[in-house]
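Input: a single structure, listed below in structure tokens.
Note on naming: letters A, B, ... go to the chains in the order of the sequence lines (proteins, then strands), and numbering restarts at 1 for each one.
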Amino acid sequence: MASERKGRVAAINGNMVAITFDDYVIQNEVAYVACGADRLKAEVIRVRGDKAEAQVYESTTGVKVGDAVTFTDALLSVELGPGLLGQIFDGLQNPLPDLAKECGFFLKRGVYKDPLPDAGQWDFTPSAKAGQKVRAGDKLGTVPEKIFKHAIMAPFDLKGEWEVAEIVGAGRYTLKDVVARLKDANGKLVECRMVQTWPVKVAIKAYAEKFMPTEPLVTKMRLIDSLFPVARGGTYCVPGPFGAGKTVLQQLISRHADVDIVIIAACGERAGEVVETLKTFPELKDPKTGKPLSDRTVIICNTSSMPVAARESSVYTAVTIAEYYRQMGLNVMLLADSTSRWAQAMREMSGRLEEIPGEEAFPAYLESRIASFYERAGVVRLYDGTMGSVTIGGTVSPAGGNFEEPVTQATLKVVGAFHGLSRERSDARRYPAIDPLISWSKYPSIIDVREIAAGHAILRKSHDVGQMMKVIGEEGTSLKDYVDYLKGEFFDFVYLQQNAFDPVDEATSAERQKAVYGFIYKNVLQADFAFTDKEAALHFFHQLRQLFRGWNSAAQDTGEYKKIQDEIQALIETQLKSKKDGERA
Amino acid sequence: MHKVYTNIIQIAGDVITVEADGIGSMEIAQVMTKGGVSLAQVIRIDGRRVSLQVFAGSRGVSTGDQVRFLGHPMRVASGENLLGRIFNGSGEPLDRGPALSENMVDIGGPSVNPVKRIIPRRMIRTNIPMIDVFNSLVESQKLPIFSIAGEPYNALLARIAIQAQVDIIILGGMGLKHDDYLFFRDTLEEAGALSRAIFFIHTAADPTVECLLVPDLSLAVAEQSALAGKRVLVLLTDMTNFCDALKEVSITMEQVPSNRGYPGDLYSQLASRYEKAVDFDTAGSITILAATTMPGDDVTHPVPDNTGYITEGQFYLKNKVIEPFGSLSRLKQQVNGATRDDHRTIMDTMIQLFASYRETLEKQAMGFQMSNWDKKLLRYGGLFESQMMSLEVNISLERALDRGWEILAECFSPEETGIKKALIEKYWPVRKNME
């Protein structure tokens with residue numbers, strides 16, 4: 001330790017302590033507050049005169065004025081290396097299973113474990129050769145991690161070109177072993193290990209170029225993929241009042257989205273929901289690989305009763321790990337639930353700092369923080385030409401379910417797709433409760449543009465007629481309008497709504513979506529039905545809906561699927577034929 | 001050993017500031033006034049200035065009074081001896097029993113490591129169809145009852161407490177009316193449940209801030225019992241009073257308010273209490289049922305709003321029934337697949353039809369002609385309200401499901417319900433089809 005700088009606690013207000021210091025302090029450096037036998041991690045967030053103010057990542061119960069503080073010189077960082085996949089960390093990258101082994105049921109404060117267990121030896125295969133020129137993020141070699149070839153890369157903070165001075169041969173090494181030495185033009189040497197640390201609040205930028213996200217990312221949710229698509233490397237947000245199904249939606253996407261790796265940041269939400277993910281993922285099979293889902297997942301879990309300051313850092317920890325895997329040319333999805341809790345953590349700290357509050361007491365820098373977080377998404381071309389992407393989906397929990405509030409508004413400005421959940425839809429058990437009338441997406445869909453437009457149009461028309469009917473009644477509505485109303489309701493029921501508890505219906509492949517959407521477009525939306533009266537129309541659509549429900553539960557490659565499709569076709573044809581007969585007569 | 005200071009330099013609201021050295025954050029002190037001894041808790045330290053919230057209120061505190069620091073955070077006794085006992089918001093006996101000091105535990109302890117939790121899997125049967133069928137209560141769930149003043153939420157809590165199969169019932173009363181307290185006591189006594197109950201009671205007549213400790217005391221005791229393998233049900237009523245006390249203290253401390261005067265950390269404060277609900281890996285469990293009154297029946301008010309984001313669902317108690325819309329048990333899916341194979345279908349179908357019934361009611365109110373379908377819905381809605389929704393109904397889950405089929409068959413043809421064929425064949429009452 002070059003400098004063991006010390007300080008003393010001068011004041012305590014909740015999880016903020018003021019510290020008098022002897023020498024100098026660095027903004028955002030990590031410090032440890034000694035409280036009895038415990039060492040509590042803290043981050044310097046403001047310096048005023050001879051006092052540094054730090055947020056403590058733990059409960060400050062029992063901290064006294066005069067307690068010793070040690071500064072570390074390091075910004076809040078995470079360790080990046082093999083062994084991250086399948087792990088469960090808290091917001092500071094503390095591995096929770098290891099903590100449980102040591103401390104039992106409760107999270108004991110002041111206990112910090114190594115995020116990456118060093119006991120394991122990793123099978124390193126070099127890919128770079130001595131004398132080769134490398135830049136930050138270039139591959140030096142690989143180790144197998146679960147189903148991936150985990151790339152060991154040149155440190156991300158290298159500037160310019162470096163030469164590989166030496167590199168070890170293939171073999172088993174620990175994370176602490178030096179696997180390569182790099183040399184710059186001046187002969188300066190850096191040692192590379194399989195693990196590197198990176199400050200969480202700084203984006204990793206070791207890539208050649210960042211692209212516009214255009215390629216659809218299939219989530220197997222019909223409403224999303226067809227009407228409000230997400231793009232690989234894009235961003236989307238899911239605001240909704242409580243009870244509208246945000247978390248269930250995120251869980252479904254984490255299972256079915258077509259990506260290599262999923263990072264789940266459970267930020268300030270219920271512990272119970274994380275537990276569900278923790279316990280089910282090791283048992284669920286990844287449809288692509290047949291391996292447990294947990295093998296391609298990293299969970300960052302800072303639930304609502306865990307310390308607030310660590311909640312603020314948890315989303316950064318998550319996005320940094322996402323960027324790390326992107327650097328290997330993988331497609332990563334980060335699901336943050338919920339960004340509002342993260343914003344509230346900022347608000348709590350801002351209040352303790354007695355900063356001048358902005359709207360609803362959120363700090364003035366709320367918008368820029370949200371924007372810079374979502375900006376860490378993207379699809380990039382690495383120096384070696386491979387592509388990698390980070391897609392970010394964040395839920396927002398607006399106070400009172402009102403989308404006018406600051407966090408929702410700041411988020412809407414920066415994301416590429418908006419999946420607004422509505423209480424009306426969830427009350428009516430129309431899941432997923434994404435409201436098709438308010439949601440939008442700037443990304444291209446897997447369905448033809450014209451067909452999509454027709455879908456949107458019928459939903460709007462149906463809604464308008466429905467509203468109108470509330471005023472003028474069914475008898476005041478023309479039969480044509482009434483049929484449009486029924487078409488919209490039908491489309492909603494059998495296509496937009498998806499039963500998350502039906503093994504087939506819960507996930508619809510892109511191919512099936514195209515087929516079914518095309519079918520509905522051609523045979524229902526475009527069809528010119530004629531009914532004798534409204535009762536007959538209602539009856540017809542009830543029957544149609546019934547058949548479609550069964551169709552949605554039938555796997556695509558079964559006889560059942562074909563059989564029901566024929567039944568539906570027959571029912572529609574009978575209806576159209578009766579119309580022709582009527583005309584002839 | 002205890003440090004005693006007499007230099008009180010500020011008294012504002014229920015917060016006093018005293019000059020002292022070597023005091024730990026959140027430490028407990030006794031303030032000795034002429035009127036008696038009150039507990040106080042350190043809430044901020046700035047150099048030598050230590051601010052404490054005085055639980056009995058600051059009225060009558062003199063600048064010359066003694067403040068005696070106890071050197072530890074707030075503690076409470078725990079264990080079997082508490083059963084059948086009644087305490088106040090500071091943990092002192094309200095009945096005539098002795099004060100307890102065994103197995104003292106710190107209140108507001110650390111949170112449970114998520115990896116040591118398990119997925120809840122046991123349903124708590126209440127024999128109220130609106131709960132059992134439509135929003136099953138699950139062990140380790142945290143669930144508030146949203147209602148307005150005047151609704152029988154305390155009666156509902158008491159009924160669930162008596163009928164639920166749990167080992168220990170803990171009641172945390174905040175700002176409780178004295179007659180409500182007596183109601184709980186008498187109701188539990190009549191049902192023979194008082195001997196497995198523990199009360200922490202803060203009544204409306206007590207100083208406001210004293211209710212701040214009630215949830216922590218109740219939950220700390222619950223936690224100890226759960227660790228000893230007991231299944232504990234904690235009732236907290238009314239959490240809005242708790243939030244109002246938080247508001248009062250934070251305004252006194254000149255904190256920037258976030259929304260309608262409530263502190264910015266309201267969410268975290270509530271979460272750290274509600275998240276004590278747990279099903280331990282190898283021990284017992286804590287289930288929390290809370291009453292949250294909504295000022296002005298406004299669910300977007302900060303208290304119900306923040307609560308709703310924390311809890312695993314909510315029950316709306318409106319016009320003396322549990323309202324099916326908005327009411328939600330997030331954990332019901334964990335248990336209602338294993339009860340009976342028609343449970344989920346009955347639940348979904350009946351609610352969807354009930355939603356249509358509500359729409360029809362609106363149409364009817366506006367004087368529109370009722371179609372055949374509307375008439376069927378009206379008939380259905382009436383039956384649903386009287387035979388399912390009414391809180392008078394006290395039947396088992398299985399009986400309630402059967403009744404669901406009967407109601408459906410009385411009003412609709414099978415295809416009108418949209419239920420899958422297989423289930424129709426199995427459960428649709430045959431009698432109706434033959435008529």
Quick check on [X] against chain B: is it the side chain, the backbone, both or neither that has a heavy atom closer than 4.5 Å?
X        : answer
A/Ile472 : backbone
A/Ser59  : neither
A/Ala271 : both
A/Val275 : both
A/Pro398 : both
A/Glu348 : side chain
A/Ile88  : side chain
A/Glu276 : both
A/Ile12  : both

Main-chain N/O of [Y] paired with [X] side-chain donor or acceptor, under 3.5 Å:
X        : Y        : result
A/Glu405 : A/Asn402 : no
A/Glu475 : B/Gln369 : yes
B/Ser250 : B/Lys247 : yes
A/Arg109 : A/Thr61  : yes

Residues of residues 349-358 of chain A with any heavy atom under 4.5 Å of a heavy atom in chain B: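 Heavy-atom contacts from residues 349-358 of chain A to chain B are A/Arg352, A/Glu354, A/Pro357.
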
Using ring-ring contact (aromatic ring centres under 6.0 Å, His included) as the criterion, list what pairs up with B/Tyr309, not counting sequence neighbours.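 Checked B/Tyr309 against ring-ring contact (aromatic ring centres under 6.0 Å, His included); matches are A/Phe242.
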
For residues [X] and [Y], is any side-chain donor paired with an opposing acceptor at under 3.5 Å?
X        : Y        : result
B/Gln141 : B/Ser329 : yes
B/Arg117 : B/Ser140 : no
B/Ser111 : B/Glu275 : no
A/Glu273 : A/Gln251 : no
A/Gln344 : A/Arg341 : yes
A/Glu269 : A/Thr247 : no

Heavy-atom pairs under 4.5 Å with chain A - which of [options] has more of them than the others?
options                                : answer
B/Leu227, B/Val42, B/Asn372, B/Thr311  : B/Thr311
B/Glu27, B/Glu415, B/Gln255, B/Gln352  : B/Gln352
B/Gly71, B/Ala355, B/Ser268            : B/Ser268
B/Gln333, B/Met26, B/Glu312            : B/Gln333
B/Val256, B/Ile310, B/Leu328, B/Leu331 : B/Ile310
B/Ser272, B/Gly308, B/Gly326, B/Gly418 : B/Gly308

Closest-packed option against chain B by number of heavy-atom pairs under 4.5 Å, given [options]:
options                                : result
A/Ala266, A/Ala100, A/Ser397           : A/Ser397
A/Val471, A/Thr20, A/Val17             : A/Val471
A/Lys108, A/Glu359, A/Met469, A/Arg311 : A/Arg311
A/Lys64, A/Gln543, A/Arg270            : A/Arg270
A/Pro241, A/Gly272, A/Cys301, A/Ser426 : A/Pro241
A/Met306, A/Lys470, A/Lys534, A/His542 : A/Lys470

Are A/Phe493 and A/Phe490 close enough that their ring centres sit under 6.0 Å apart?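 Ring-ring flag for A/Phe493/A/Phe490: false, centres at least 6.0 Å apart.
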
Could you tell me whether B/Phe146 and B/His301 have their ring centroids closer than 6.0 angstrom?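 For B/Phe146 and B/His301, the ring centres are not under 6.0 Å apart.
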
Is it the side chain or the backbone of [X] that comes within 4.5 Å of chain A heavy atoms, both, or neither?
X        : value
B/Asn259 : side chain
B/Pro257 : backbone
B/Glu254 : neither
B/Pro304 : backbone
B/Pro302 : neither
B/Pro73  : side chain
B/Ile351 : side chain
B/Gln41  : neither

Set of residues satisfying salt bridge (Lys or Arg N to Asp or Glu O under 4.0 Å) with respect to B/Asp348, sequence neighbours excluded: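 B/Asp348 satisfies salt bridge (Lys or Arg N to Asp or Glu O under 4.0 Å) with no residue once adjacent residues are dropped.
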
Sub-4.5 Å side-chain heavy-atom contact between [X] and [Y]:
X       : Y       : value
A/Gln87 : A/Pro97 : yes
A/Val56 : A/Val63 : no
B/Asp21 : B/Arg48 : yes
B/Val50 : B/Phe69 : yes

Ion pair present between B/Asp298 and B/Arg260, side-chain N to carboxylate O less than 4.0 angstrom?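 The answer is yes: the pair qualifies as a salt bridge.
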
Can you tell me if A/Lys279 has over 12 outside heavy atoms packed within less than 6.0 Å of its NZ?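 Yes.
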
Other residues, nucleotides and ligands only: do more than 12 of their heavy atoms fall within 6.0 Å of CD on A/Gln467?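 Result for CD/A/Gln467: enclosed.
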
Under 30°, 30 to 60°, or over 60°: which ring-plane class applies to A/Trp551 and A/Phe548, parallel, tilted or perpendicular?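 Judged by the thresholds at 30° and 60°, the geometry between A/Trp551 and A/Phe548 is perpendicular.
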
Rounded to the nearest 0.5 Å, how far does CD1 of B/Ile288 lie from OH of B/Tyr274?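 The CD1 atom of B/Ile288 is 7.5 Å from OH of B/Tyr274, to the nearest 0.5 Å.
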
Quick one: which residues of residues 359-368 of chain B reach chain A at under 4.5 angstrom, heavy atoms only?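 B/Glu362, B/Lys363, B/Met366, B/Phe368, listed by number.
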
With B/Arg358 as the cation and B/Phe325 as the aromatic partner, state whether NZ or CZ is under 6.0 Å from the six-membered ring centre and within 45° of the axis.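 No, a cation-pi geometry is absent between B/Arg358 and B/Phe325.
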
